[in-house]
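The figures here come from the full heavy-atom set of this structure, side chains too, leaving out hydrogens, waters and symmetry mates.
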Amino acid sequence: MLNPREISDRRILAAARELRSLHKKQYTIRQLEVPFQRGWRRSYVLRERSLDREDRPILEAILEVIGSTIIRHNRSFQSRQRRTRKLCEISQPLRPIPNNEWIWKNYPSSWLRYFRYELRLERYNHWQPYWILDQTSLYRLKISRNMIYQIREIDPDIERRIGELDRWFEIHQAWRRYGWLKGRHQSWRCNNTKQKLIDKRHRREIARAYETFPEVDPAASVWRIPTSLRPTFFLPA
């Protein structure tokens with residue numbers, strides 16, 4: 001016979017399974033008979049002189065990987081800075097390919113002659129290798145109309161059921177228990193405990209350093225002495 005804890009866990013797993021299936025059926029894609037425009041699209045395309053090259057299929061395949069697209073309401077593609085409120089052009093560089101992505105997706109070796117290997121400094125002083133496109137003049141930015149050809153319709157019954165399940169998880173605080181059942185690491189708790197241990201160790205080392213503070217080396221150079229060696233003259237009062 002199941003105990004109350006096991007019954008609660010089974011309810012949590014069943015609710016999460018239902019919620020996951022409802023999210024997959026939440027939207028229905030419907031094609032529009034008459035498309036309409038919503039803003040403007042700026043993306044990279046091949047230059048005119050690159051269309052007649054023999055390696056055009058390779059350049060088009062590379063563009064699908066490193067290309068980027070920006071959609072704006074107006075055609076200027078400018079934004080205001082926070083401090084000066086000055087209009088500046090929105091930067092849109094070609095995307096560099098991380099070395100891990102290159103190995104994982106197994107990009108063709110014939111692409112290497114178009115890229116250069118470069119190390120970039122990221123957060124926490126971490127150097128990450130990237131492959132940077134060396135011939136950026138092969139592509140150019142093109143502005144076109146952003147046409148909408150299909151829309152997503154929401155099922156109201158499914159949306160209402162998703163809201164009920166979300167409230168049930170919040171009321172019973174079931175998301176934390178669900179993560180525990182799925183074997184997810186409770187990082188917030190471990191990081192807090194680890195940080196406390198590190199702080200305690202640092203305080204202990206600092207206290208020990210104050211207790212056994214070493215004397216100044218008598219053979220040290222005079223340039224290391226913080227006091228000045230200039231003669232001091234006192235004026236009579």
Side-chain angles (χ1 to χ4, degrees), residues 1-45 60-73 77 79 90 92-108 111 122-124 126 128-131 144-195:
M1 186 174 181
L2 300 178
N3 55 36
R5 170 62 71 179
E6 294 176 350
I7 295 175
S8 176
D9 292 344
R10 291 197 175 190
R11 289 178 180 175
I12 292 174
L13 293 176
R17 191 182 305 113
E18 181 183 359
L19 187 61
R20 186 166 55 251
S21 63
L22 290 176
H23 276 296
K24 295 180 180 180
K25 300 182 295 183
Q26 184 178 6
Y27 301 104
T28 303
I29 306 299
R30 183 172 66 88
Q31 298 292 333
L32 296 177
E33 298 179 358
V34 180
F36 63 93
Q37 179 185 357
R38 178 178 292 176
W40 299 86
R41 175 191 299 265
R42 189 174 71 174
S43 57
Y44 279 93
V45 295
E60 292 177 348
I62 293 175
L63 183 58
E64 293 181 358
V65 177
I66 66 176
S68 59
T69 302
I70 295 180
I71 298 175
R72 302 285 292 182
H73 293 292
F77 287 90
S79 62
I90 298 177
Q92 188 178 352
L94 291 169
R95 187 180 72 90
I97 303 178
N99 188 48
N100 295 334
E101 179 184 342
W102 191 290
I103 298 174
W104 174 48
K105 295 190 176 181
N106 194 17
Y107 292 130
W111 292 11
E122 295 185 347
R123 298 177 59 185
Y124 307 111
H126 174 68
Q128 178 70 23
Y130 284 91
W131 291 96
S144 59
R145 300 176 183 271
N146 183 38
M147 304 301 296
I148 305 299
Y149 296 94
Q150 59 186 11
I151 59 175
R152 296 189 304 175
E153 295 182 347
I154 301 176
D155 192 336
D157 296 333
I158 295 179
E159 191 74 12
R160 181 172 58 255
R161 180 56 181 167
I162 290 176
E164 294 175 356
L165 292 175
D166 286 337
R167 288 192 297 271
W168 185 85
F169 271 95
E170 292 177 1
I171 293 173
H172 295 82
Q173 299 180 358
W175 283 120
R176 184 181 302 176
R177 182 62 182 175
Y178 176 73
W180 180 271
L181 294 173
K182 298 296 289 185
R184 296 173 184 171
H185 188 63
Q186 306 294 325
S187 59
W188 62 273
R189 184 178 302 175
C190 295
N191 290 341
N192 190 17
T193 305
K194 183 177 180 180
Q195 188 64 37

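- A distance of 10.0 Å separates NZ of K25 from CD1 of I162, quoted to the nearest 0.5 Å.
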**Request:** Start with the C-alpha gap between I70 and R41, add the side-chain angles, then the distance that decides, and say whether side chain to side chain contact (heavy atoms under 4.5 Å, CB included) holds.
**Result:** CA-CA 6 Å; I70 295 180; R41 175 191 299 265; over 6 Å; no

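- Not one N or O on the side chain of N146 forms a donor-acceptor pair closer than 3.5 Å with the backbone of G39.
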**Prompt:** side chain to side chain contact (heavy atoms under 4.5 Å, CB included) between L22 and L165: does it pass, once the steps are laid out?
**Reply:** CA-CA 10 Å; L22 290 176; L165 292 175; 3.9 Å; yes

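- Atom OH of residue Y44 and atom CG of residue L63 lie 9.5 Å apart, to the nearest 0.5 angstrom.
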**Prompt:** Under the side chain to side chain contact (heavy atoms under 4.5 Å, CB included) criterion, do I90 and R72 qualify, and how do the steps go?
**Reply:** CA-CA 10 Å; I90 298 177; R72 302 285 292 182; 3.6 Å; yes

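- No donor-acceptor distance shorter than 3.5 angstrom exists from the side chain of H126 to the backbone of E122, with no hydrogens or angles considered.
- Among residues at least two apart or in separate chains, salt bridge (charged side-chain N to carboxylate O under 4.0 Å, His left out) pairs with a member in residues 8-19 are D9-R177, E18-R161.
- R38 contributes no side-chain N or O that, together with a main-chain N or O of I148, makes up a donor-acceptor pair within less than 3.5 Å.
- Two residues are said to be in side-chain contact when any heavy atoms from C-beta on lie closer than 4.5 Å; I12 and H172 fail this criterion.
- P108 and W102 make their closest contact through O-CZ2, 3.8 Å (heavy atoms, listed as atom of the first residue, atom of the second, distance).
- A donor atom on one side chain and an acceptor atom on the other are not found under 3.5 Å apart for E159 and Y27.
- A parallel orientation is assigned to the rings of W111 and Y107, their planes being inclined by less than 30° (bins at 30° and 60°).
- Atoms CD and CG, on Q26 and L19 in that order, are 9.0 Å from each other to the nearest 0.5 Å.
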**Request:** Would you please test Y149 and L32 for side chain to side chain contact (heavy atoms under 4.5 Å, CB included) and show each step?
**Result:** CA-CA 6 Å; Y149 296 94; L32 296 177; 5.9 Å; no

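- Side-chain N/O atoms of Q31 and Q150 include a donor and acceptor closer than 3.5 Å.
- Atom-to-atom distance recorded for I97:CD1 and K105:NZ is 9.0 Å, nearest 0.5 angstrom.
- Using modelled atom types, one side-chain atom of Q92 and one backbone atom of S68 make a donor-acceptor pair closer than 3.5 Å.
- Scanning both residues, G67 and L94, for their nearest heavy atoms gives CA-CD2, 4.5 Å.
- More than 12 heavy-atom neighbours from other residues, nucleotides or ligands sit within 6.0 angstrom of CD on E153.
- Annotation: side chain of W131 is in contact with side chain of N99 (closest heavy-atom distance under 4.5 Å).
- Heavy atoms only, all atoms of each residue included: P98 and P96 are closest at CD-O, 3.5 Å.
- Residues W40 and H73 share a closest heavy-atom pair of CD1-O, 3.6 Å.
- Residues F169 and A16 approach most closely at CZ-N, 3.7 Å, considering heavy atoms.
- For the atom pair N100 CG and Q128 CD, the distance stands at 5.5 Å (nearest 0.5 Å).
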